2 protein chains.
Amino acid sequence: MLHMDTLDQRIISRLVADARASFADIGAAVGLSAPAVKRRVDKLLDLGVLQGFTAVVDPEALGWGTEAFVEVHCHGNVPAHRIRGGLEPLPEVVAAYTVSGQADAIVHMRAADIHHLETAMERLRAVDFVNRTVSTVVLSRLLDRPPPADRA
Amino acid sequence: MLHMDTLDQRIISRLVADARASFADIGAAVGLSAPAVKRRVDKLLDLGVLQGFTAVVDPEALGWGTEAFVEVHCHGNVPAHRIRGGLEPLPEVVAAYTVSGQADAIVHMRAADIHHLETAMERLRAVDFVNRTVSTVVLSRLLDRPPPADRA
DNA sequence: CGTGAAAGTACAACCGA
DNA sequence: TCGGTTGTACTTTCACG
């Protein structure tokens with residue numbers, strides 16, 4: 001599946017640090033010409049290793065300053081794709097995972113404030129397969145960063 | 001807390017969708033010239049509303065296919081910045097939050113596989129202020145997306 | 001993978017509402 | 001202070017070696 005060498009990893013690392021860096025700058029950093037970098041980036045996009053480029057926005061500044069993690073416990077056995085389908089319409093859900101342990105899923109939610117979070121969680125609890133939720137409100141964000149380019 | 005109008009939100013929305021979009025393309029979408037868009041983006045970067053631009057990488061492809069959420073319970077009262085300092089050196093920690101409830105912090109970890117996750121959690125438990133951890137392993141990622149540009 | 005040329009883009013200085 | 005226009009340097013992108 002992967003012909004991913006050290007050069008690709010260094011290119012990815014540079015793009016994670018700055019997605020708007022020019023191919024020429026990246027090339028200078030990794031020792032390649034700009035077209036060579038572009039060919040590798042295009043290949044990585046095609047393979048799905050790179051999924052795209054995005055802006056990092058301060059949620060506070062956009063009015064999404066309150067977040068919470070919610071354990072979702074379902075009625076009986078609900079397949080993952082059905083959980084996904086139930087959560088996808090809720091705009092406050094920024095991430096969701098099926099998990100091992102007592103809970104069936106962990107849902108990461110963002111809202112404007114506590115009141116908005118409350119109404120969003122009411123909508124979450126109203127989803128048909130949801131039985132019980134256990135929510136944990138975030139007080140402060142300590143860290144938020146991409147994983148290292150090369151594994152330890 | 002500053003003057004962010006509809007134009008800024010639409011520009012941010014476009015950059016979240018594609019951080020490498022040209023100012024000319026963004027301008028065509030929002031009805032502004034390229035330099036006008038650049039001036040607004042520079043201002044948003046300066047204000048910290050936009051924090052930067054990054055590549056979206058598939059963690060699987062990079063060899064970080066296993067993730068977990070870990071509740072951290074501390075010895076006594078540990079200030080947030082000290083928790084941050086203790087977690088920051090662990091490369092497997094991709095995000096961390098102080099939270100309300102029984103736990104003191106929630107830590108989001110990524111590792112190459114279950115064994116790597118185990119060794120990373122041993123290192124986490126070895127951090128001086130950590131008393132107890134409760135870990136929840138992710139089985140599948142259902143959703144992972146940015147919050148909407150305008151609040152509901 | 002590098003080179004070079006054509007088209008497109010970024011950026012700063014300048015002008016007008 | 002906002003946006004538009006212009007000119008210059010740089011980037012992207014392609015065909016070719």
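Chain A is the first sequence line, chain B the second, and so forth, proteins listed ahead of strands; every chain is numbered from 1. Since we're looking at a predicted model, the values are computed, not measured.
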Just by modelled atom types, is the B:G31 backbone N or O under 3.5 Å from a matching donor or acceptor in the B:R10 side chain?
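Answer holds: no.
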
In this structure, how many angstroms lie between the [atom2] atom of [N] and the [atom1] atom of [X], rounded?
X	N	atom1	atom2	answer
B:D18	C:dT9	CG	P	12 Å
A:F23	D:dT13	CZ	P	6 Å
A:R40	D:dT12	CZ	P	17 Å
B:I26	C:dC11	CD1	P	12 Å
A:K43	D:dT13	NZ	C1'	18 Å
B:L7	D:dG4	CG	C1'	14 Å
A:L15	D:dT12	CG	P	10 Å
A:K38	C:dC1	NZ	P	13 Å

Using the six-membered ring wherever Trp is involved, compare the ring planes of B:F69 and B:H108 and label them parallel, tilted or perpendicular (cut-offs 30° and 60°).
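Parallel.
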
With side chains defined as the heavy atoms from C-beta onward, is the minimum distance between B:I83 and B:C74 less than 4.5 Å?
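A side-chain contact under 4.5 Å exists here.
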
A:V16 with A:L44, same ILVMFWY side-chain cluster at under 4.5 Å:
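In one cluster with A:V16: A:L44, yes.
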
Closest to the [X] side chain, choosing from [options]:
X	options	answer
A:P35	D:dC14, C:dA10, D:dT5	D:dC14
A:A24	D:dT11, C:dT9, C:dG2	D:dT11
B:R39	D:dG3, C:dT9, D:dT12	D:dG3

For the helix from C:dC1-D:dG17 to C:dA17-D:dT1, what is the angle between the axes at its two ends, each from 5 pairs, rounded to 10°?
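Between the axes fitted at each end of the helix from C:dC1-D:dG17 to C:dA17-D:dT1 lies an angle of 20°.
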
Under 4.0 Å between a side-chain N or O of A:R20 and OP1 or OP2 of C:dA10?
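Checking C:dA10 against A:R20, a side-chain N or O does come within under 4.0 Å of OP1 or OP2.
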
Would you say A:S33 places a side-chain N or O within less than 4.0 Å of OP1 or OP2 belonging to C:dC1?
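So the side chain of A:S33 is outside the cut-off, no N or O lying under 4.0 Å from OP1 or OP2 of C:dC1.
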
Reported NZ-to-CG distance for the pair A:K43 and A:L50, which is rounded to 0.5 angstrom:
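Spacing of NZ (A:K43) from CG (A:L50) equals 10.5 Å.
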
Test log, rule side-chain contact (heavy atoms from CB on, under 4.5 Å), inputs B:L124 and B:M109
CA-CA 10 Å; B:L124 174 61; B:M109 303 185 82; 4.0 Å; yes

Identify, between B:D42 and A:A36, the residue whose nearest nucleotide on DNA chain C lies closer to the 5' end.
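On the 5' side of the pair lies A:A36.
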
With A:E67, which residues qualify under salt bridge (charged side-chain N to carboxylate O under 4.0 Å, His left out), at least two apart?
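Salt bridge (charged side-chain N to carboxylate O under 4.0 Å, His left out) list for A:E67, sorted by chain: A:R110, A:R141.
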
